[in-house]
Number of protein chains: 2
Amino acid sequence: MDGKPGLRERKKQRTHAAISDAAITLFLEHGFNQVSVAQVAEAAEVSKRTLFAYFPAKEDLVVHRLADHETEAARVVRARPPGAAPLTALRDHFLTGLRERDPITGLNDAPQVRRLTRMILDTPSLVARMERFKTGAERALAQALQETADTPELTARLAAVQIVAVQWALAGDNAERLAYGESADARYAGAVADAEHAFALLANGLRQLAPGE
Amino acid sequence: MDGKPGLRERKKQRTHAAISDAAITLFLEHGFNQVSVAQVAEAAEVSKRTLFAYFPAKEDLVVHRLADHETEAARVVRARPPGAAPLTALRDHFLTGLRERDPITGLNDAPQVRRLTRMILDTPSLVARMERFKTGAERALAQALQETADTPELTARLAAVQIVAVQWALAGDNAERLAYGESADARYAGAVADAEHAFALLANGLRQLAPGE
DNA sequence: AGTAAATGTATACCAGGTGCAGAAATACTC
DNA sequence: GAGTATTTCTGCACCTGGTATACATTTACT
């Protein structure tokens with residue numbers, strides 16, 4: 001495609017990676033709040049000003065890796081095979097993620113991943129930053145539902161917030177268990193069962209909590 | 001009940017109110033990010049250190065008024081008449097809120113409320129702070145569902161995140177419309193219809209997006 | 001009236017983040 | 001390959017939110 005990234009571009013990517021790597025390493029070793037951005041900049045051999053040119057805020061040094069997932073649900077809905085229902089596509093995608101131990105499902109127990117997850121869950125400002133991804137994911141998914149499933153705007157938005165909320169709840173549940181010791185393999189069966197239950201709930205509604213029995 | 005608030009207690013309340021009032025006034029006039037906490041402290045005739053003794057962070061100067069709503073859904077579920085379904089109680093409560101133009105439903109167009117709402121929606125750090133209320137509301141509601149509706153833990157948590165997400169989506173939708181000009185009375189009928197649609201969706205599920213027709 | 005506990009203040013300080021002016025590196029042109 | 005224009009990086013000063021410390025003031029209790 002682009003046979004020439006160009007020197008400037010390559011250097012930028014290297015600097016970006018250098019800063020990110022230095023940050024993650026230091027944060028994992030000493031804790032997010034115990035390391036200042038100045039220290040990160042120094043470790044990456046870059047000025048503080050340059051660091052902020054690459055990452056808008058300290059939190060982004062950690063969460064920028066998850067930025068791709070912001071539009072993941074929307075992409076899954078758009079890319080589903082013709083005739084397939086959006087919810088089915090999303091469920092299958094989530095189950096695939098579990099099977100492959102995709103970190104986004106919370107079911108990856110590689111030591112680094114687990115430590116990173118735990119750090120995020122234990123750091124309020126990082127959790128807050130993650131919430132913004134959630135909001136973005138809701139918007140993108142709502143749009144995708146509206147455009148590809150012929151869903152009215154309000155319904156699309158409501159469905160999107162429900163779906164995203166449920167997916168995060170599932171992932172958060174898995175992540176929390178692993179972060180505090182359970183192994184991914186031990187959790188797998190339960191995670192699958194929970195996910196299937198959750199998507200069934202999404203599809204069929206909260207009958208248990210509604211009137212007409 | 002407590003015939004004696006005590007002088008110390010009364011002074012605290014007055015200081016608390018003085019700081020909050022000064023903050024809201026200044027923020028509405030000049031914008032949240034344009035006013036420093038030092039200015040708020042000065043206007044309230046209090047030291048900066050004291051201000052932070054009353055409010056843990058700048059954002060709380062604005063959102064502390066909404067703290068009560070964090071457990072509102074949980075309280076509604078717990079206080080529902082015997083035999084009533086949780087979802088029904090929540091829906092009725094929300095519809096009552098709309099009728100009474102409760103600001104939490106986004107349907108109050110008193111100028112101050114509208115300006116405050118708009119300020120919050122336009123200020124990322126305030127939105128982030130609101131998200132934390134959402135998380136708290138989810139937890140409290142999940143607990144209430146588990147304890148009073150005999151709902152299994154996972155189901156309770158999933159139901160809670162769905163319900164809270166939907167309520168916030170409805171309120172956010174109303175608030176956004178009002179913040180940008182629509183009147184509460186003009187919006188009322190639509191808001192009611194939307195709420196009923198949303199709660200029906202919660203109860204019956206996202207059939208439109210699921211497979212088995 | 002006098003003392004202990006709580007609250008408030010002043011000051012200095014730290015960390016995240018930005019504006020600015022200039023130095024250094026890269027890309028473009030002849 | 002030299003020279004110039006454009007990015008990018010840097011160092012520095014600065015602002016703001018938030019905290020630690022040490023001291024003064026006020027309230028409550030006897």
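Because only heavy atoms are used, hydrogens play no part in the values below, and waters and symmetry mates are left out as well, while side chains stay in. Sequence lines set the chain letters: A, B, ... in the order given, protein chains first and strands last, and positions in each chain run from 1.
Contacts between residues 121-131 of chain A and DNA chain D, defined by a heavy-atom separation under 4.0 Å, are absent. Listed in residue order, the members of residues 25-47 of chain A having a heavy atom less than 4.0 Å from DNA chain C are A:Val35, A:Ser36, A:Val37. Shown for residues 49-65 of chain B: residues whose heavy atoms fall under 4.0 angstrom of DNA chain C, namely B:Arg49, B:Thr50, B:Tyr54.
Contact annotation: side chain of A:Lys48 to base of D:dG11, donor-acceptor pair absent below 3.5 Å.
Taking the ring axis of B:Tyr54 as reference, the NZ or CZ atom of B:Lys12 does not stay both within 45° of it and closer than 6.0 Å to the ring centre. A cation-pi arrangement is not found for A:Lys58 relative to A:Phe52, the charged atom failing to lie both closer than 6.0 Å to the ring centre and inside a 45° cone about the ring normal. The cationic group of B:Arg129 lies under 6.0 Å from the six-membered ring centre of B:Phe133 and within 45° of the ring axis, placing it in a cation-pi geometry.
B:Phe94 and B:Phe199 have tilted rings, their planes meeting at an angle from 30° to 60° on a 0 to 90° scale.
Heavy atoms of other residues, nucleotides or ligands lying less than 6.0 angstrom from CD of B:Gln146 number more than 12.
Rounded to whole Å, atom P of C:dA6 lies 13 Å from atom CD of B:Glu9. Taking atom CZ of A:Arg14 as the reference point, atom P of C:dA25 lies 14 Å away to the nearest angstrom. At whole-Å resolution of the value, CD1 in B:Ile19 and C1' in C:dT9 are 13 Å apart.
Partners of B:Glu147 under the salt bridge (Lys or Arg N to Asp or Glu O under 4.0 Å) rule, at least two apart in sequence or in another chain, are B:Arg78. For B:Thr15, there are no side-chain hydrogen bond (donor to acceptor under 3.5 Å, both in side chains) partners at least two apart in sequence or on another chain.
The side chain of A:Lys12 contributes an N or O atom lying less than 4.0 Å from OP1 or OP2 of D:dT8. Using a 4.0 Å cut-off, some side-chain N or O of A:Lys11 falls inside it from OP1 or OP2 of C:dT26.
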- [ ] Check the pair B:Ile163 / B:Leu202 against side-chain contact (heavy atoms from CB on, under 4.5 Å), numbers first and verdict last.
- [x] CA-CA 7 Å; B:Ile163 292 167; B:Leu202 275 173; 4.1 Å; yes

Task: Worked verdict on B:Arg157 versus A:Asp173 for salt bridge (Lys or Arg N to Asp or Glu O under 4.0 Å) - done: CA-CA 10 Å; B:Arg157 287 171 63 170; A:Asp173 195 30; 3.6 Å; yes

- [ ] Report the C-alpha distance between B:Arg101 and B:Asp185 in whole Å, list the side-chain angles of each, state the deciding distance to 0.1 Å, and finish with yes or no for salt bridge (Lys or Arg N to Asp or Glu O under 4.0 Å).
- [x] CA-CA 9 Å; B:Arg101 306 292 193 267; B:Asp185 289 347; 2.7 Å; yes

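Applying the side chain to side chain donor-acceptor pair (under 3.5 Å) rule to pairs touching residues 31-40 of chain A yields A:Ser36-A:Gln39, sequence neighbours excluded.
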